[in-house]
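Worksheet: the structure to be examined is printed underneath.
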There are 2 protein chains.
Amino acid sequence: MQNGSQNETQKLILEAAKGLLRRYGPDKMTVMDIARLLKMSHANVYRFFRTKSEILDALIDEWLAQIEAFVETIAGREVPASERLEAVVLELHRKRRQKLLDDAEFYETYRRVIELRPDFAEKRREKIFNVFRKLIEAGIEAGEFKAVDSNEAANVLKDASAIFLHPLMIPTVLKEDTETRARNLVRYIVAGISMEPPKAATKRRAGSAPGRRQLQKAV
Amino acid sequence: MQNGSQNETQKLILEAAKGLLRRYGPDKMTVMDIARLLKMSHANVYRFFRTKSEILDALIDEWLAQIEAFVETIAGREVPASERLEAVVLELHRKRRQKLLDDAEFYETYRRVIELRPDFAEKRREKIFNVFRKLIEAGIEAGEFKAVDSNEAANVLKDASAIFLHPLMIPTVLKEDTETRARNLVRYIVAGISMEPPKAATKRRAGSAPGRRQLQKAV
DNA sequence: GAATTTACATATTACAAATTTCGTCATTTG
DNA sequence: CAAATGACGAAATTTGTAATATGTAAATTC
């Protein structure tokens with residue numbers, strides 16, 4: 001082969017596609033465009049990807065993998081599980097939101113894929129779910145949380161945070177103050193599974209949040 | 001007028017539109033069809049509704065008003081606030097889900113309206129939000145809940161339940177066991193704002209849920 | 001003979017003409 | 001004169017066709 005390795009050409013195609021996708025969007029970006037940019041025939045592209053959507057899928061999966069890796073590092077931090085849970089949800093939200101703002105065409109591609117093939121990112125979603133579950137188990141282990149069913153609680157957290165994480169919903173909450181709302185959401189759920197402070201009074205002043213810490217008030 | 005009152009004809013138009021919408025969907029259902037069915041000129045229909053979408057809007061609003069009324073009766077039941085909150089969320093979910101199953105074309109119309117004009121049902125959403133808030137305040141009043149910020153907590157509940165209530169999301173969770181998940185979701189949030197039982201032990205057996213009651217396990 | 005290209009059949013998309021619907025209004029009807 | 005209609009331009013939809021893209025397989029190059 002004239003080019004580098006098999007793998008090398010794949011990467012070149014993905015890089016080219018990424019740029020074209022950003023500029024033209026999924027409909028106007030054609031396999032011909034990719035081939036033209038790389039000075040090869042479009043047929044050759046099909047040696048590396050069976051279909052056009054396989055290329056788009058690869059780009060999305062690459063992005064999701066990055067986020068997943070980042071989330072794993074957050075989950076590994078040496079801070080209380082409650083803090084890690086909060087950070088994970090907030091960062092997942094921020095990354096998606098930022099993508100929508102920075103690269104609308106890519107986001108639209110992602111949104112459509114999930115809409116048409118909801119199971120596309122199932123593996124990735126499972127990974128995130130496991131992060132939730134593991135963090136809840138870590139919290140229980142550390143005496144930070146009550147001995148809830150970690151699977152059940154992780155499901156609740158997943159469902160509850162959907163409005164801030166699901167690609168179909170993020171565009172609808174774009175204009176709003178999602179940071180505070182997402183933080184409150186996690187804190188309420190975490191408060192529900194948290195151990196009570198040893199000697200806290202049952203009555204608190206109005207407006208205070210439940211659980212271990214003072215919740216930040218919406219602005 | 002040959003027909004009944006002004007109001008009577010409006011109702012006839014809406015009834016005709018409801019049937020045609022169910023059968024043809026929003027695109028294939030035309031104002032001409034409605035007129036044909038009622039044996040009047042299509043121009044006459046425009047004496048009662050300024051545009052086609054005004055007819056569709058009226059149908060949707062009628063449906064939302066029904067749900068709202070039902071929710072108000074639930075909120076007025078003579079049971080603990082926690083039970084009422086749970087019932088309200090579950091019934092809102094069931095009604096929407098059922099509509100999607102019974103009358104897909106109507107649901108699609110609704111979904112599109114919310115997608116294109118997110119503020120369309122703002123008034124109705126506010127009503128539901130107020131039901132949440134009022135129930136939380138009732139719970140606080142009754143010593144059932146902690147003295148949380150009712151506005152904040154209602155917002156959390158609204159956001160958290162979006163996956164089961166928002167028209168864009170319901171189709172995505174149709175195949176899944178949403179009843180149990182929705183119930184768990186509400187129970188976790190409610191548990192978080194609930195008073196602790198007076199003399200409960202801090203350690204519970206694994207798998208038990210937080211809060212006042214035993215949470216039903218997912219099947 | 002592996003890598004790449006040209007050639008080709010199939011599927012999509014794009015475009016322009018014809019048809020239908022939307023929404024308004026002057027006119028007719030009872 | 002209240003109620004309804006037919007007629008009309010604008011807008012949207014449908015139809016038929018040309019152009020382009022997708023995906024495959026035979027032919028060519030190195």
Side-chain angles (χ1 to χ4, degrees), chain A residues 1-60 105-106 108-109 112-113 115-117 120, chain B residues 1-60 105 108-109 111-113 115-117 120:
Chain A
M1 47 180 99
Q2 286 153 286
N3 208 343
S5 70
Q6 189 88 348
N7 205 297
E8 200 57 42
T9 314
Q10 270 205 1
K11 279 183 190 162
L12 281 174
I13 290 171
L14 288 179
E15 280 312 303
K18 202 186 293 184
L20 290 167
L21 183 61
R22 172 174 251 119
R23 179 159 173 202
Y24 296 123
D27 297 326
K28 291 279 178 71
M29 179 203 84
T30 68
V31 175
M32 309 266 281
D33 288 332
I34 299 173
R36 240 191 312 272
L37 193 65
L38 297 175
K39 297 188 203 309
M40 58 173 68
S41 73
H42 80 278
N44 195 40
V45 174
Y46 284 94
R47 295 194 42 253
F48 299 93
F49 296 93
R50 291 214 308 279
T51 65
K52 177 179 173 178
S53 57
E54 208 167 84
I55 298 175
L56 296 175
D57 287 0
L59 286 178
I60 295 171
E105 294 291 3
F106 184 99
E108 171 60 15
T109 311
R112 278 196 223 173
V113 165
E115 192 173 34
L116 267 66
R117 316 202 310 277
F120 170 72
Chain B
M1 44 179 99
Q2 285 155 287
N3 208 343
S5 70
Q6 188 87 350
N7 205 297
E8 201 57 41
T9 314
Q10 269 205 358
K11 279 182 188 162
L12 281 173
I13 291 171
L14 289 179
E15 281 311 304
K18 205 185 289 184
L20 290 166
L21 183 61
R22 174 173 248 120
R23 178 157 174 205
Y24 296 123
D27 298 325
K28 290 271 175 83
M29 180 205 85
T30 68
V31 175
M32 305 275 256
D33 289 332
I34 299 173
R36 242 190 310 274
L37 192 65
L38 297 177
K39 297 185 200 315
M40 59 173 68
S41 71
H42 81 279
N44 195 41
V45 174
Y46 283 94
R47 294 204 315 113
F48 298 92
F49 295 94
R50 288 214 310 278
T51 65
K52 176 180 174 179
S53 58
E54 206 167 86
I55 298 175
L56 296 175
D57 287 1
L59 286 178
I60 295 171
E105 293 291 4
E108 172 59 17
T109 311
R111 202 195 59 74
R112 278 197 222 170
V113 166
E115 192 173 35
L116 267 67
R117 319 205 307 277
F120 169 71

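The basis for the numbers below is simple: all heavy atoms, side chains too, and nothing from hydrogens, waters or symmetry mates. Throughout, protein chains are lettered first and strands after them, A, B, ... in sequence-line order, and every chain is numbered starting at 1.
- Between A:Ser41 and A:Asp27, the one whose closest nucleotide on DNA chain C sits nearer the 5' end is A:Ser41.
- To the nearest angstrom, C1' of D:dA2 lies 12 Å from CG of B:Asn44.
- In this entry the distance linking NZ of A:Lys39 with C1' of C:dA3 reads 19 Å, nearest Å.
- In this structure, A:Tyr46 places its OH atom 20 Å from P of C:dA3, rounding to the nearest Å.
- Contacts of B:Met32 with the nucleic acid, taken as non-hydrogen atoms under 4.0 Å apart, involve only primed sugar atoms and P, OP1 or OP2.
- For B:Phe48, the listed nucleotide lying nearest its side chain is D:dA4; candidates were D:dA4, D:dT5, D:dT22.
- To the nearest angstrom, P of C:dT13 lies 18 Å from OH of A:Tyr24.
- Per the geometry, CD belonging to A:Glu8 stands 15 Å off P belonging to C:dA3, to the nearest Å.
- For A:Ala43, taking side-chain heavy atoms from C-beta onward, the closest of the listed nucleotides D:dT5, C:dT5, C:dG23 is C:dT5.
- Nearest heavy-atom pair across B:Gly25 and B:Glu105 is CA-OE1, 3.2 Å.
- Of the candidate nucleotides C:dC22, C:dT4, D:dA4, D:dA4 has the atom nearest to the side chain of B:Arg47.
- In this entry the distance linking CD of A:Glu54 with C1' of D:dG23 reads 12 Å, nearest Å.
- Look at CZ on A:Phe49: it is 15 Å from P on D:dT24, rounded to the nearest Å.
- Among the nucleotides C:dT21, C:dA7, D:dA4, the one closest to any side-chain atom of A:His42 is C:dA7.
- Using a 4.0 Å heavy-atom criterion, one finds that A:Thr30 contacts the sugar-phosphate atoms exclusively.
- Remark: of the listed residues B:Arg117, B:Arg111, B:Arg112, B:Arg111 is the sole one forming a salt bridge (charged side-chain N to carboxylate O under 4.0 Å, His left out) with B:Glu115.
- Between the side chain of B:Lys28 and the backbone N or O of B:Arg23 there is no donor-acceptor pair closer than 3.5 Å.
- Contact record, B:Leu21 with B:Met29: N-SD, 3.9 Å, taken as the closest heavy-atom pair.
- Rounded to whole angstrom, the span from the CE atom of A:Met29 across to the P atom of C:dT12 amounts to 17 Å.
- Annotation: side chain of A:Tyr24 is not in contact with side chain of A:Thr30 (no heavy-atom distance under 4.5 Å).
- Checked against C:dC22, D:dG23, C:dA14, the side chain of A:Lys28 finds its nearest nucleotide in C:dA14.
- The nucleotide whose nearest atom lies closest to any side-chain atom of A:Met40 is, among C:dT24, D:dG23, C:dT5, C:dT5.
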